[in-house]
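Report on one structure; see the data block that follows.
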Amino acid sequence: MTTPTVQFALDRLPVPAHLLDQDAHDPLAHKRQEFMLPGGVIYLDGNSLGALSRRVTERLTRVTTQEWGQALIGSWTAGAAQGQDWMGLPDRVAAKLARLIGAHPDEVAVGDSTSVNTFKALAAALATAHPGRRVILTDQDNFPTDLYVAQGLIGLLGERYELRRVPADDVAAHLNSEVAAVLLTQVDYRTGRCLDLAAVSAAAHAAGALTVWDLAHSAGAFPVELNAAGADFAVGCGYKYLNGGPGAPAFLFAARRHHAAPVALSGWMGHADPFEMARDFQPAPGARRFVTGTPMVLSLSALDAALDVFEDVDLQALRTKSLALTDTFIALLDPVSERLGLTLVTPRDQARRGSQVSYRHPDARAVMAELIAAGIVGDFRTPDILRFGFTPLYHSFADVSRAAQGVQAVLEAYA
Ligand SMILES: Cc1ncc(COP(=O)(O)O)c(C=O)c1O
Ligand SMILES: Nc1ccccc1C(=O)C[C@H](N)C(=O)O
């Protein structure tokens, strides 16, 4: 444990009147009460693990003590008409997610990890792509699991494909008649740079390639419009901005026109009638075919309850607040950043920004340890990135002000 160089009561740091005023007029301010946030710290890591909402604890108590504890096996089918059966849980969660990502409910499958869903989506995309094409185009700085999954799949397919890695901003320039699929993460986990989903999808299609989008840092952070963008396949995490809890089930999106795509991990829960116990795989209608095995009921229940927090949330308001939070943080640190050794790597252009702010710092690892010890919980990413995630559902402008003051104080003591 690092002994903090700087010790102060974060919640007693003064906040400028105009930011208090912004909190007073924040249409999402009431959402914060739905979360259980630890005292004495400012948690800026919802882009790694979202906070716990009260509805989740209530739901987990019910699903364990009543549904599992009392009704036991009957819970798989009990209450189907009221939408309470475990069998239907993946589809109900898919429907809630669909609104957040601009999809139809039958285009979303929920379960497994993002990594596993990336495998399924990429396999389906390659099987659907033009047979003569042999390149998977990706961002050289993509999140490791996306690269590793592509490498594993390529090995399985007898090295018939090549993983071509280029800088994300150069993807359009590398689109040609060799490219079968483009595998991209919309918001870069290090820098927070956000790609134009519609423009990149259109460019890929114009070149005859399919798109597989990783929405790990997009879903729940701002509105995503997959169908409006013409996206083919997508995946995303349940435990970041969706607040589904550690290891929450992930999701897979397949546009309706791809519902006949082959299912690489065809399991009985993606069968049209699992309890027919048929000898051959007959896919369920829609994206449900991509569900492989038994629904993870406890973690699906947590995600289901966490998604209810979004029910009355205007996604444009979410985006507006997210950008205002990140703009404010950047503006507060701008006057001192050079002196403190901070180099902003997140785009200032709002259209190119996700919901985080990242800086390079030569001693980023040690600095983040100091910040965390002082109660400002962001994270460090190799090689030299300080990352601060902002979550419009539970952050206030007062949090942003105090976090910026805290960063300044810690760095001044560090220098
Ligand atoms: C872009 C991106 N993709 C995927 C993942 C994670 O995948 P998984 O949940 O399978 O570990 C993360 C974070 O862990 C991520 O940032
Ligand atoms: N799943 C995790 C398990 C343990 C620690 C971090 C993660 C993350 O999600 C990291 C995140 N994907 C990131 O953008 O760095």
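From a predicted model like this one, the values you see are computed outputs, not experimental measurements. Start at 1 and go down the list; that is how both ligands and their atoms are numbered. Only heavy atoms go into these numbers, but all of them, side chains included; no hydrogens, no water, no symmetry mates.
Taking every heavy atom of both residues into account, Asn243 and Gly50 meet most closely at OD1-CA, 3.3 Å. Counting all heavy atoms, side chain and backbone alike, Ala250 lies closest to Gly236 at CB-O, 3.1 Å. Arg319 and Gln350 make their closest contact through NH2-O, 3.1 Å (heavy atoms, listed as atom of the first residue, atom of the second, distance). The nearest pair of heavy atoms linking Ala364 to Ile385 is CB-N, 3.8 Å.
In this structure the side chain of Phe251 reaches within 4.5 angstrom of the side chain of Leu242, judged on heavy atoms.
Residue-to-ligand polar distances place Arg387 within reach of ligand 2: an N/O pair is separated by less than 3.5 Å. Considering backbone and side-chain atoms together, Arg381 places an N or O closer than 3.5 Å to an N or O of ligand 2. Any N or O atom pair closer than 3.5 Å counts here, and Tyr239 shares at least one such pair with ligand 1.
In terms of protein heavy-atom proximity, atom 2 (C) of ligand 2 is nearest to Tyr239 OH, 4.3 Å. For atom 7 (O) of ligand 1, the closest non-hydrogen atom on the protein side is Thr114 CB, 3.5 Å. For atom 8 (C) of ligand 2, the nearest non-hydrogen atom of the protein is Ser48 OG, 3.4 Å. The closest protein non-hydrogen atom to atom 13 (C) of ligand 1 is Lys240 NZ, 3.0 Å. The shortest contact between atom 9 (O) of ligand 2 and any protein heavy atom is with Lys240 NZ, 2.9 Å. In this structure, atom 12 (C) of ligand 1 lies nearest to the protein heavy atom Phe143 CE2, 3.3 Å.
Every atom of ligand 1 with a heavy atom of Ala216 under 4.0 Å away is listed here by number and element: 1 (C), 2 (C), 3 (N), 15 (C). Of all the atoms in ligand 1, the ones that sit under 4.0 Å from a non-hydrogen atom of Asp214 are 1 (C), 2 (C), 3 (N), 4 (C). For ligand 2, the atoms sitting less than 4.0 Å from at least one non-hydrogen atom of His217 are 14 (O), numbered in the order shown with element in parentheses. Listed by atom number, the atoms of ligand 1 under 4.0 Å from Ser113 heavy atoms are 10 (O). Near His217, the atoms of ligand 1 lying under 4.0 angstrom from a non-hydrogen atom of the residue are 1 (C), 15 (C), 16 (O).
Put simply, the side chain of Glu107 gets close to the backbone of Arg256: a donor and an acceptor are under 3.5 Å apart.
Atom 6 (C) of ligand 2 is flagged as protein-proximal [any protein heavy atom, distance under 4.0 Å].
Only the side chain of Asp146 comes within contact range of ligand 1, with a heavy atom under 4.0 Å; no backbone atom does. In Ser115, the parts holding a heavy atom less than 4.0 Å from any atom of ligand 1 are both the side chain and the backbone.
A salt bridge links Lys31 to Glu34: at least one charged side-chain nitrogen sits closer than 4.0 Å to a carboxylate oxygen.
Aromatic ring pairs are classed by plane angle as parallel below 30°, tilted from 30° to 60° and perpendicular above 60°; the pair Phe390 and Phe329 is tilted.
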Practice prompt. Please lay out, stage by stage, how Thr328 and Leu19 fare under the test side chain to side chain contact (heavy atoms under 4.5 Å, CB included).
Written response: CA-CA 9 Å; Thr328 304; Leu19 294 178; 3.7 Å; yes
Practice prompt. Start with the C-alpha gap between Arg193 and Asp139, add the side-chain angles, then the distance that decides, and say whether salt bridge (Lys or Arg N to Asp or Glu O under 4.0 Å) holds.
Written response: CA-CA 12 Å; Arg193 180 273 300 127; Asp139 171 7; 3.5 Å; yes
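Not a single heavy atom of Ala216 sits closer than 4.0 Å to an atom of ligand 2.
When each of Leu100, Ile101, Val235 is paired with Leu215, the side-chain contact (heavy atoms from CB on, under 4.5 Å) condition holds for Ile101 and for no other.
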